[in-house]
Amino acid sequence: MNTTFDYTGRQKDLLIFRGTNPTSPNATNIAVEFSKNSSFCAGVQKLIQRYAILLMTEITSQTEYPDFGTEFLTKIKNGGNLNINDFRHIFNFANAKVISNLRSYQQQNPSDFLDEEINTATLESVVRSGDAIFLNIRLITMAGENLTFLYPLPTN
Amino acid sequence: METIEQTKLILESFIKETYSDADIAPGSVLSELLVKLTASSQNENNNRFLSIDQGNSINDALSSADDTYSEAIDEVASNYNVVRNEGIKSGGSIRVFVSRMQSYTINDTLVFLQSNLNLNYLPIRRYTVRENATDDEIKIYTLSGNVHYFDIEVEAEDVGENYQLSQGTKLALGVNQTLNNFIEATVLSNFSTGQSRETDKQLITRYKQGLAAGSLNNKTSIDKFLTENYIDYQTLSIIGSNDIGMTRSYKYGFNTFGMSDVYVRSSLAVARKQILLPATKITNSTWQIDLSDVDEVAGFYDVAAIRSSLSTYGTLTIVSKTYSVKPTSTNYTNSVNTVQEARFSKYQGCVVVFQYIDADANLEEKDFYVEFVYLPNIYNIQNNLLSAENKIICADFLVKAVVPCFVNLSLKLYKRKEFLSEHTALIKQDIFNYINNIDFNTSLDVSQIIDICHNYPVKKVDLPLNLEAFIFAPNNDIITITDSDSITISDEYVDKGVTTSNCLFFIDYYKQTDDGNISDNIGIEIV
């Protein structure tokens with residue numbers, strides 16, 4: 001997998017999901033974190049960030065943009081006692097919406113950098129660690145790269 | 001007004017052009033933290049700027065198909081010291097009939113309902129009703145047997161011209177309202193004209209008038225003067241020396257300038273009033289009344305009835321109404337040469353002869369109630385234009401009530417399942433407003449009435465829809481026009497004193513028949 005810290009010609013975003021490590025063979029834990037040193041991101045880091053924001057924003061939580069986000073967190077919170085199949089079911093619906101939105105944007109705004117464009121994403125597993133739950137997500141870019149990352153679910 | 005999406009697009013375009021390195025795609029942090037939040041804030045500011053932009057506000061108001069009430073227009077009007085008219089409630093006297101002679105307390109929260117029109121009215125104050133009433137109480141009278149009555153003043157629940165009721169209209173108690181021994185209530189005489197809250201278009205027109213010259217030498221300034229001084233005033237038309245219908249300026253056989261006939265619609269609907277006047281006997285069975293000096297109904301359209309007492313309906317048989325030119329005695333006056341020129345002005349004289357046989361054969365004089373159909377304030381408006389401070393020295397403005405064209409119509413509507421009983425009342429109100437607000441030189445169209453009906457759950461309006469109109473011409477002819485498409489007032493009746501510039505349509509909700517019954521003037525049958 002190619003990783004690059006050379007942003008030449010690329011559009012940059014602010015990096016807030018610390019922990020994305022495209023070179024690691026294992027799933028790395030990503031979490032929102034604002035540090036003293038701000039930094040930019042591009043490439044697959046940027047794509048993971050966008051994917052996570054789109055997936056985890058609760059739909060209708062932004063008053064002026066009521067269609068932004070998915071029902072993933074809403075259904076998880078209100079679902080009661082869910083088993084793994086329920087999780088996958090809820091994730092798959094939300095994931096489909098995110099991939100559709102990203103691909104639609106990619107079609108209207110084609111880029112030369114295929115590692116910034118999503119092909120698909122899947123839920124590999126749900127990992128429990130202590131009181132925390134992590135989604136183990138595999139993301140595949142149009143460049144053919146695939147990366148797994150762990151997204152922590154908020155416990156409140 | 002700009003939407004948030006539009007503001008966001010503008011920001012995104014700006015960033016793409018100016019900072020092309022920034023990724024503001026959906027879901028990016030820059031989009032979430034920068035673009036969306038900025039768009040929300042910018043959008044509010046942009047719209048505030050747009051709303052106080054006078055040009056846009058005025059254009060929006062003038063071009064809007066609907067009535068608008070914008071705060072921005074209020075702010076613009078305040079620059080010209082003009083304040084929006086918040087409307088006037090229609091009101092008048094009603095006669096309340098009860099089945100028992102006793103004392104009553106009428107609270108100002110007691111609601112009277114006109115059920116066909118679904119309009120509510122409330123007493124203007126608390127009333128105490130007694131048989132032996134003191135000065136500030138209301139006396140109760142016996143009509144006959146177990147029917148007693150008292151009169152109180154009421155006003156509409158809300159502002160608007162659609163609340164105006166005509167004499168004889170029946171009222172019931174409102175929903176969940178109680179008054180012991182209540183039988184019914186009726187309107188004693190036509191209610192005063194109500195007025196809807198001034199729309200943006202009307203307010204813009206008014207503050208434009210405020211910039212017009214104060215002297216009464218053109219239509220705009222006279223319009224402004226009447227609007228400020230006469231609450232019920234609606235519109236006017238001025239016929240000048242070279243205009244069709246002007247006859248006064250040809251007194252000497254050739255046209256002289258300086259004369260204008262000012263036709264005024266001083267209220268939305270015609271007023272009706274009963275006035276007690278003295279009559280003298282001519283023969284054993286005929287009497288006459290001189291109606292020339294009844295200034296409050298000056299320029300009246302017609303004498304609808306003569307009655308020997310207030311409690312009777314119908315009319316004594318009227319033998320003749322002879323109109324004349326009343327002589328004047330003021331310093332300032334108008335040149336009025338013929339009966340037709342005097343008609344509907346304060347110079348209209350009239351003697352009415354009617355049949356009546358009194359039990360006392362020796363009676364030579366008696367008072368009778370004369371019911372007039374008229375537009376209010378014609379006398380006052382004329383005197384105002386002739387007053388020393390307002391009169392244009394070289395001009396002769398003769399004020400006349402507009403020539404009336406009375407309309408009645410009947411509709412048959414096929415309703416949809418969503419049609420409710422209150423829709424009938426609303427359709428009547430809309431038709432009332434449409435016809436009474438038709439301007440000079442504008443036809444009354446059946447298509448507009450059909451459009452009104454289709455604003456409600458109506459499947460079909462039965463055609464043809466026959467319109468019937470009666471023009472009370474100044475030469476005392478009644479011109480009947482019927483049509484199933486459109487009624488247009490043309491200049492073909494100019495010899496009778498009717499032109500497109502002096503005739504307007506009138507319609508009431510109800511009409512009173514000679515036997516005292518009330519029938520619908522806007523008849524609606526729902527199928």
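As the structure is a computational prediction, the values presented were derived from the model and not from experiment. We name chains A, B, ... by the order of the sequence lines, and we start the count at 1 in each one.
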*Asks:* More than 12 non-hydrogen atoms from neighbouring residues, nucleotides or ligands closer than 6.0 Å to NE2 on B/His454, yes or no?
*Replies:* yes
*Asks:* If you count the non-hydrogen atoms of other residues, nucleotides and ligands that lie under 6.0 Å from CD in A/Glu71, is the total more than 12?
*Replies:* no
*Asks:* Look at atom NZ of B/Lys16 and say whether more than 12 heavy atoms of other residues, nucleotides or ligands are closer to it than 6.0 Å.
*Replies:* yes
*Asks:* Kindly say whether B/Leu30 contributes a backbone atom to a donor-acceptor pair with the side chain of A/Asp13 at under 3.5 angstrom?
*Replies:* yes
*Asks:* Strictly distance-based, threshold 3.5 Å: is any side-chain N or O of A/Gln11 a donor or acceptor partner for the main-chain N or O of B/Ser20?
*Replies:* yes
*Asks:* What part of B/Lys8 lies closer than 4.5 angstrom to a heavy atom of chain A: side chain, backbone, both or neither?
*Replies:* side chain
*Asks:* Looking at every heavy atom in both B/Ala39 and A/Tyr65, which two are closest together, and how far apart are they?
*Replies:* CB-OH, 3.6 Å
*Asks:* What is the distance from atom OG of B/Ser28 to atom CG of A/Leu54, rounded to the nearest 0.5 Å?
*Replies:* 9.0 Å
*Asks:* Is it the case that over 12 heavy atoms from other parts of the model lie below 6.0 angstrom from the NZ atom of A/Lys97?
*Replies:* yes
*Asks:* More than 12 heavy atoms of other residues, nucleotides or ligands under 6.0 Å from OH of B/Tyr69: is that the case?
*Replies:* yes
*Asks:* So with a 6.0 Å cut-off around CD of A/Glu124, is the heavy-atom count from everything else above 12?
*Replies:* yes
*Asks:* Please round to the nearest 0.5 Å and tell me the distance separating atom CG of A/Asn109 and atom CG of B/Asp23.
*Replies:* 9.5 Å
*Asks:* Can you measure from CD (A/Glu64) to OG1 (B/Thr3) and round to the nearest 0.5 angstrom?
*Replies:* 11.0 Å
*Asks:* For the CG atom of A/Leu14 and the OG atom of B/Ser31, what is their distance to the nearest 0.5 Å?
*Replies:* 11.5 Å
